[in-house]
Every structure is written in structure tokens, then in C-alpha cells.
Amino acid sequence: MIRTVIFDIGNVLAGFDWRSFYARQGYDGKMVERLGKATVLSGDWKEYDRGCVSDADMVQLFIENDPEIAEEIESALADFHGLVTPYAYAVPWVCRLKQKGYRVLVLSNFSQKALRECWHALDFLPYVDGGILSFQDKLIKPMPEIYRLLLDRYCLQANECVFLDDTQENVDAAKKMGIHSFRFENPKQAEEELQKLGVV
């Protein structure tokens, strides 16, 4: 019996479309992909989400990945507003689950800068029952330690939880911990998967 629903944030409860974010700043397609490779798609981005790198050090690490576009990297990441965007269905979905008696938590790789500057897109946070943002505990998915910490912190039984994430490796890691998990594709698909687990 499922008692707790655990949500990833990016591309599940809120949008994380870095390509659009860079494009809106006026960069062409080729530069957008180059910026992405140096930043979001690099291993350094995960370390930043883990809270182990300062904002200034983050920029320097990204510049080291592609020194020729140092100026563009600095400019593109000066302000994260618009990097995370709200999904209209997030608050109603969370509230509906809570009204039915489920505990709702979040488990997300998220930087402090993104939380600070994209707060407007996280309108569902006041309605959830807690969770973990990676920078706060210096752990990131798919590290098994972050799932264990969530279970221990909220006194959860793994087999009474279901986890939704848009990244398969994070889903697989949760499954290894005994948590019911599936890859989120869209709200309709997710609702169908939840119903299979008895979450109605």
C-alpha cells in the first residue's frame, strides 16, 4: 500500500528547459548546444547541484570546459531567472494527493542559486510535506545515500513509497532501494502508473 508519493522537480513538477533558457538570451542554436555541453551537460553541473561548489567556482569550472566562450558562459549564468518554469498542474496535483491522505515529498538535484532565483516557479513547495534538495545535504541522485537519507529522515518504509523522476538512472537507483519507481513522461502517463499502484 502506497502512503507516500515522492516527486522529482525538474521536468516533473516544474520545467527545466535549458535550451530555451539560453535561446531566450539571444544565443543561436550552435552556441546554445555549446553552452549546454560546457555547463548543464557537464559533470560539474551535478557537483554544483550537490552544493560543493560556490557560484564563482562554478563559473570557472564551466569556463575550463570551453575557455573560448568564457564571456558567454559568465553572461548566460549570471541570472537563473527563467531556467526553471512553473507547470500549471503541479499545485493541483500535489493538493489532490494530500486531500486523499498521501504524504507528498520532493527529491531533487537542485542548486541554492536555482532555488533562490527560480522560487516563483516552485509554487508547489509550500504544499508538500518536505523532502530533500541536493545542495542542502551535499548528496545527489543517483547516489544511494540520498534515497536512504530521505527514507530515514521521514521514517518511511521503502515499499510504501512511489518515486517519479524523468531520468531513468535516478529511477533505477530508487528501485534498488526498494522504492516503487517509474520514469515520468507526462501527467497522464504518471497518473496511469500511479493507479496501477493503487494511488487514486
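For the numbers below, each heavy atom of this structure counts, side chains included, while hydrogens, waters and symmetry mates do not. Here the structure is a predicted model, which is why all the values come from computation and not from measurement.
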* Decide yes or no on salt bridge (Lys or Arg N to Asp or Glu O under 4.0 Å) for Asp137 and Arg153, but give the supporting numbers first. => CA-CA 12 Å; Asp137 291 286; Arg153 181 171 290 170; 2.8 Å; yes
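- At most 12 non-hydrogen atoms from other residues, nucleotides or ligands lie less than 6.0 angstrom from NZ of Lys37.
- Looking at Glu191 and Arg96, a side-chain N of the basic residue comes within less than 4.0 Å of a carboxylate O on the acidic one, giving a salt bridge.
- Proximity of a side-chain donor or acceptor of Lys141 to a complementary backbone N or O of Leu107 within less than 3.5 Å is detected.
- Distance alone, capped at 3.5 Å, places no donor-acceptor pair between the Thr167 side chain and the Asn170 backbone.
- To the nearest 0.5 Å, the span separating CD1 on Ile6 from CG on Asp8 amounts to 11.5 Å.
- Rounding to the nearest 0.5 angstrom, the gap separating the CD atom in Gln25 from the CG atom in Leu35 is 8.0 Å.
- Salt-bridge annotation for Asp49 and Lys113: absent, with no side-chain N of the basic residue lying under 4.0 Å from a carboxylate O of the acidic one.
- Glu47 has a carboxylate O that lies under 4.0 Å from a charged side-chain N of Arg50, or vice versa, which qualifies the two as a salt bridge.
- Between the side chains of Asn65 and Asp44, a donor-acceptor pair is found at a separation under 3.5 Å.
- No donor-acceptor contact under 3.5 angstrom links the side chains of Tyr154 and Asp129, judged on distance only.
- Nearest approach of Asp165 to Val171, heavy atoms of both residues: O-CG2, 3.7 Å.
- In terms of heavy-atom proximity, Ala90 sits nearest to Phe124 at CB-CD2, 3.9 Å.
- Between Lys176 and Glu169 there is no salt bridge, since no side-chain N of the basic residue sits under 4.0 Å from a carboxylate O of the acidic one.
- With Arg24 contributing its side chain and Gly82 its backbone, the two residues share a donor-acceptor pair below 3.5 Å.
- To the nearest 0.5 Å, atoms CD1 (Ile140) and OG (Ser108) are separated by 11.5 Å.
- Met143 and Leu139 make their closest contact through CE-CD2, 3.5 Å (heavy atoms, listed as atom of the first residue, atom of the second, distance).
- The CZ atom of Phe16 sits 8.5 Å away from the CZ atom of Phe110 when rounded to the nearest 0.5 Å.
- One finds the NZ atom of Lys138 at 15.0 Å from the CD atom of Glu145 (value rounded to the nearest 0.5 Å).
- Environment of CD in Gln195: crowded, with over 12 heavy atoms of neighbouring residues, nucleotides or ligands closer than 6.0 Å.
- The residues Arg34 and Asp66 are annotated as salt-bridged, a charged nitrogen and a carboxylate oxygen being separated by less than 4.0 angstrom.
- With hydrogens and angles disregarded, no donor-acceptor distance shorter than 3.5 Å links the side chain of Ser42 to the backbone of Val40.
- Remark: side-chain polar atoms of Tyr102 are not paired, donor with acceptor, to backbone N or O of Ile2 under 3.5 angstrom.
- A salt bridge between Arg183 and Glu193 is absent, with no side-chain N of the basic residue lying under 4.0 Å from a carboxylate O of the acidic one.
- A distance of 9.5 Å separates CD of Glu74 from CD of Glu72, quoted to the nearest 0.5 Å.
- Residue-environment remark: OH (Tyr127) stays at or below the threshold of 12 foreign heavy atoms within 6.0 Å.
- The six-membered or imidazole ring of Phe7 lies near that of Trp93, with a centre-to-centre distance under 6.0 Å.
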